[in-house]
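Just below is one structure, and these are the notes that go with it.
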Amino acid sequence: MSPNALDSRDFNPAYPILTFQVTDAEGDVGLKAGTDTAFIYIKSLLTGFEDSLAFPDLETAGKSNFNAEVDVDLERFVKCRSLPGTPLHTDTLYFEIYVKDFEKNKSNVISSDDPVYFTCF
């Protein structure tokens, strides 16, 4: 298998996780009950599909010079169409990612490394 090829048998649940680093000088990212929430924005560079999701509950948010790794389950971005008795399906994963903090300030936009070929079984 090539370094940029994965298959669903290697994951439990059956979808890969996208991990990226977030730094914020003010620490106004995360999920705060009763207040606005910071969001993660992800766009597939191959299909154009975009979605956003609220940050997870980050207990260390609110501290200046915040720095953390964030994991995003890619299930909503992977189109596994393989069902028992049907041919395998390979989806190409290549993303653009940015975040917006509580004040709606947009981070730098980053792209995932080389495309990953994800085979659904």
Side-chain angles (χ1 to χ4, degrees):
M1 189 179 302
S2 76
N4 290 340
L6 304 170
D7 72 56
S8 60
R9 295 174 293 188
D10 294 333
F11 298 92
N12 187 16
Y15 297 95
I17 302 292
L18 175 67
T19 301
F20 62 98
Q21 192 77 24
V22 174
T23 58
D24 188 75
E26 294 81 24
D28 58 344
V29 295
L31 175 65
K32 283 188 179 178
T35 64
D36 206 358
T37 298
F39 284 87
I40 302 165
Y41 296 84
I42 302 174
K43 176 182 180 179
S44 170
L45 293 175
L46 298 172
T47 66
F49 176 73
E50 290 184 71
D51 205 353
S52 64
L53 52 143
F55 259 91
D57 185 6
L58 304 172
E59 292 181 18
T60 57
K63 297 179 182 177
S64 60
N65 298 317
F66 172 78
N67 185 8
E69 271 191 357
V70 177
D71 293 334
V72 176
D73 182 332
L74 294 176
E75 180 175 1
R76 67 177 64 180
F77 294 92
V78 176
K79 304 301 179 205
C80 284
R81 293 181 276 275
S82 295
L83 300 170
T86 64
L88 301 178
H89 171 75
T90 299
D91 205 351
T92 305
L93 309 178
Y94 190 47
F95 299 102
E96 186 175 87
I97 308 145
Y98 66 91
V99 300
K100 286 189 179 180
D101 62 18
F102 295 149
E103 299 297 320
K104 306 301 180 222
N105 296 313
K106 182 178 177 179
S107 72
N108 295 338
V109 178
I110 60 172
S111 296
S112 54
D113 292 332
D114 294 333
V116 172
Y117 306 100
F118 182 70
T119 302
C120 302
F121 288 89

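Values in this document were obtained by computation on a predicted structure and should not be read as measured data.
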- For residues Lys100 and Lys106, report the shortest heavy-atom separation together with the two atoms involved. CG-CA, 4.0 Å
- Which value, rounded to the nearest 0.5 Å, describes the distance between Glu50 atom CD and Ile42 atom CD1? 11.0 Å
- Got a second to check how far Leu74's CG is from Asp51's CG, nearest 0.5 Å? 11.5 Å
- How close do Phe39 and Ser52 get, heavy atom to heavy atom, and via which atoms? CD2-OG, 4.3 Å
- Item | Heavy-atom closest contact (Asn105 atom, Asp101 atom, distance) | N-OD1, 2.9 Å
- Pick out which of Ile97, Val22, Thr19, Leu18 makes a side chain to side chain contact (heavy atoms under 4.5 Å, CB included) with Val70. Val22
- Query: Is there a donor-acceptor pair closer than 3.5 Å between any side-chain N or O of Ser107 and the backbone N or O of Val99?
  - Reply: yes
- Would you kindly confirm whether Leu93 and Ile110 end up in one hydrophobic cluster when ILVMFWY residues are joined by side chain heavy atoms under 4.5 Å apart? yes
- ILVMFWY cluster, Leu45 and Tyr98 together (side-chain gap under 4.5 Å): no
- Item | Stepwise side chain to side chain contact (heavy atoms under 4.5 Å, CB included) test for Ser44 and Phe95 | CA-CA 5 Å; Ser44 170; Phe95 299 102; 4.1 Å; yes
- Message: Determine whether Val109 and Tyr41 satisfy the following criterion, side chain to side chain contact (heavy atoms under 4.5 Å, CB included), listing intermediate values before the conclusion.
- Response: CA-CA 9 Å; Val109 178; Tyr41 296 84; over 6 Å; no
- Message: Working to the nearest 0.5 angstrom, can you tell me the gap between Leu46 CG and Tyr94 OH?
- Response: 8.0 Å
- Query: Taking everything shown except Asp71 itself, do over 12 heavy atoms lie less than 6.0 Å from its CG?
  - Reply: yes
